[in-house]
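All remarks here apply to the structure that follows.
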Amino acid sequence: MKVMVVGSGGREQALAWKISRSPKVEKVFCVPGNGGTRPPAENVPIGALEIEKLRDWALAEKIGLVVIGPDDALALGAADVFSSAGIPCFGPKKNAARLESSKSFAKDFMLRHGIPCAKSRVFTDSDEARDYLLQAKYPLVVKADGLALGKGVVIAETPEEALAATGRMMDAKEFGSAGETVVIEEFLRGTECSIHAFIDGSSHLLCPDAKDHKRVGEGDEGPNTGGMGTISPSGAVDETMLARIREEVLDRFVCGLKKDGLDYRGMLFPGLMITENGPVVLEFNCRFGDPETQVLLRRLESDLVEILLATCEGRLSEISPTWSKNAAACIVMASAGYPGSYEKSLPIEGIDLAEASGDTVVFHAGTAWKNGELVTNGGRVLGVTATGETLEDARRKAYAAVNEIHFDGCFCRRDIGGGIL
Ligand code: AMP
Ligand code: GLY
């Protein structure tokens, strides 16, 4: 079978890496992919949002399975287009992908189906938002309703900060139409973790838990990023908490899909806060996390393609994949200036040495080939991902591998999953 992975980040690189290990797979195409695509995978120069072109290419190439990485392709209806063309597609249809692309839609879904979420109010009028913010309790959280590249969430300690945030979103339209509606919600205290579950429309299959590190600096200082590193397991949930997540989030989610007639065959990644009262959903992501996918797929022992196909065909209840008991850690190496502006086209060295131990895989994200040389091509450049018997073991190996790699201005957080290494 030929498989097409849509997207160009570290997540898509990890998906292509695991998919190409399946005995069912003859060829993997990364569209558009990045500098890390290695045989038997191959890049195809079509943009992830050029959906009709992708469909035509997939039909001509007789692609047997499409896996959509990014949220914006799903929000545009990529899964609808492939399904209408008769190509099996992993990823929810447009009306279900709104669970990520509209936070107010997601809130409404959670409230109607009894899924625990933060108390909130939705505003479409900036004067009404202002009046509310002047008498609200602080801290609170201001969220742009739509997709905003991970920058649409502001934790405000004071009314001034909250008013500045709604001003930027609703009046100055910093995120375009994505910020015309805002969700203002209570600030929750607890420990965050990333949960992933395959959803086939009528059942779910839970993956091991993971933890991202969203702030750019050590000790969770500085601005939010797409994610500076992950570990799995997260250390934040035990069996009892996992059972509650299954019942209070996933069972109710699948039940809600059926009641609302939403067609969802893909990955659900709820961002959760584990509070003293139990799990609370911060947001739904309707796709694999990045860089959560890198650690999860290093721990998956079974054939990913079997799980993807079972998801598309509504057969998840028939399979039970195995996951390694080992821990995994992914350290993101980023370009100087990220998450702000950064230089591109800087030569990257040392990846072969970093992978020499055999326990480390360096997943490319913002990389490209230029005149025969591997160079930087984005903010998050590499996800150095190691496994080990314990989390400390995995972290130690990952940081040893990081130390072998160099490009001008490269930096990473040295505290992914624990103390500074
Ligand atoms: P989101 O994109 O909604 O996951 O929000 C980005 C980050 O903001 C999350 O990873 C949390 O760290 C933080 N956050 C979002 N909502 C809340 C909340 N209600 N209480 C506390 N922190 C939050
Ligand atoms: N790592 C967070 C995300 O993919 O949204």
Side-chain angles (χ1 to χ4, degrees), residues 5-17 28-38 41-50 67-73 147-151 212-217 222-230 287-295 297-298 329-352 354-355 360-385 398 401-414 416:
V5 178
V6 178
S8 59
R11 159 186 55 206
E12 288 81 13
Q13 201 56 236
L15 285 164
W17 170 83
V28 183
F29 295 99
C30 302
V31 198
N34 62 35
T37 304
R38 303 172 212 195
E42 189 180 301
N43 283 344
V44 180
I46 304 177
L49 303 183
E50 296 183 282
V67 185
I68 316 261
D71 50 11
D72 43 6
L147 298 176
L149 297 170
K151 293 177 186 159
D212 191 8
H213 298 66
K214 287 196 172 156
R215 303 286 185 132
V216 73
N224 261 332
T225 68
M228 293 300 293
T230 39
R287 52 173 174 84
F288 285 91
D290 187 352
E292 283 86 346
T293 306
Q294 289 82 321
V295 283
L297 295 185
R298 290 286 332 261
C330 169
I331 316 297
V332 169
M333 298 185 74
S335 298
Y338 177 78
S341 56
Y342 47 81
E343 239 184 282
K344 287 185 183 176
S345 301
L346 301 167
I348 305 169
E349 286 162 8
I351 292 182
D352 289 350
E355 288 188 325
T360 302
V361 179
V362 179
F363 293 117
H364 293 222
T367 72
W369 288 92
K370 209 171 172 182
N371 305 324
E373 192 175 41
L374 184 71
V375 297
T376 64
N377 192 40
R380 291 190 293 173
V381 177
L382 301 168
V384 180
T385 312
V402 162
N403 293 341
E404 302 289 351
I405 299 175
H406 180 76
F407 50 92
D408 276 354
C410 70
F411 76 97
C412 66
R413 271 181 68 160
R414 311 276 334 178
I416 301 301

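- Side-chain contact between L374 and W369 is present, with heavy atoms from C-beta onward closer than 4.5 Å.
- For R38, the side-chain hydrogen bond (donor to acceptor under 3.5 Å, both in side chains) partners at least two apart in sequence or on another chain are E355.
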Apply the test side chain to side chain contact (heavy atoms under 4.5 Å, CB included) to residues T230 and I416: give CA-CA distance (whole Å), side-chain angles for both, the deciding distance (0.1 Å), then the verdict.
CA-CA 7 Å; T230 39; I416 301 301; 5.9 Å; no
Distance-only donor-acceptor hits, side chain of residues 330-349, under 3.5 Å, sequence neighbours excluded:
residue : atom : partner : partner atom : Å
S335    : OG   : G378    : O            : 2.7
Y338    : OH   : G226    : N            : 2.9
Y342    : OH   : G379    : N            : 3.2
S345    : OG   : K370    : NZ           : 3.0

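- The line from CD1 of I68 to CD of E12 is 10.0 Å long, rounded to the nearest 0.5 Å.
- Residues satisfying the side-chain hydrogen bond (donor to acceptor under 3.5 Å, both in side chains) criterion with S8, sequence neighbours excluded, are absent altogether.
- Smallest separation of non-hydrogen atoms from T360 and A354: CB-O, 3.6 Å.
- Nearest approach of R414 to V402, heavy atoms of both residues: NH1-CG1, 4.1 Å.
- Summarising the geometry of D71 relative to L147, their closest heavy-atom pair is OD2-CD2, 3.8 Å, with the distance given to 0.1 Å.
- Residues meeting the side-chain hydrogen bond (donor to acceptor under 3.5 Å, both in side chains) test with E373, sequence neighbours left out: none.
- Here A41 pairs with V28, C30, T37 under the side-chain contact (heavy atoms from CB on, under 4.5 Å) rule; sequence neighbours left out.
- Put simply, OG1 on T293 and CZ on R287 are 8.5 Å apart, with the number rounded to the nearest 0.5 Å.
- Under the side-chain hydrogen bond (donor to acceptor under 3.5 Å, both in side chains) criterion, E292 pairs with S194, sequence neighbours left out.
- What you find for D212 and G229 is that their closest heavy atoms are OD1-O, 3.0 Å.
- Taking the salt bridge (charged side-chain N to carboxylate O under 4.0 Å, His left out) definition, one finds that D290 meets it with R380, sequence neighbours left out.
- Qualifying side-chain contact (heavy atoms from CB on, under 4.5 Å) partners for A365, counting only residues two or more places apart in sequence or in other chains: none.
- Between R298 and W17 the shortest side-chain heavy-atom distance falls below 4.5 Å.
- The backbone N or O of P223 lies less than 3.5 Å from no partner atom in the side chain of R215, so there is not a single donor-acceptor pair.
- You'll find the side chain of T367 reaches within 4.5 Å of the side chain of V381, heavy atoms only.
- What you find for Q294 and F363 is that their closest heavy atoms are CG-CD1, 3.5 Å.
- In this structure, G9 and N34 approach most closely via the heavy-atom pair O-ND2, 3.5 Å.
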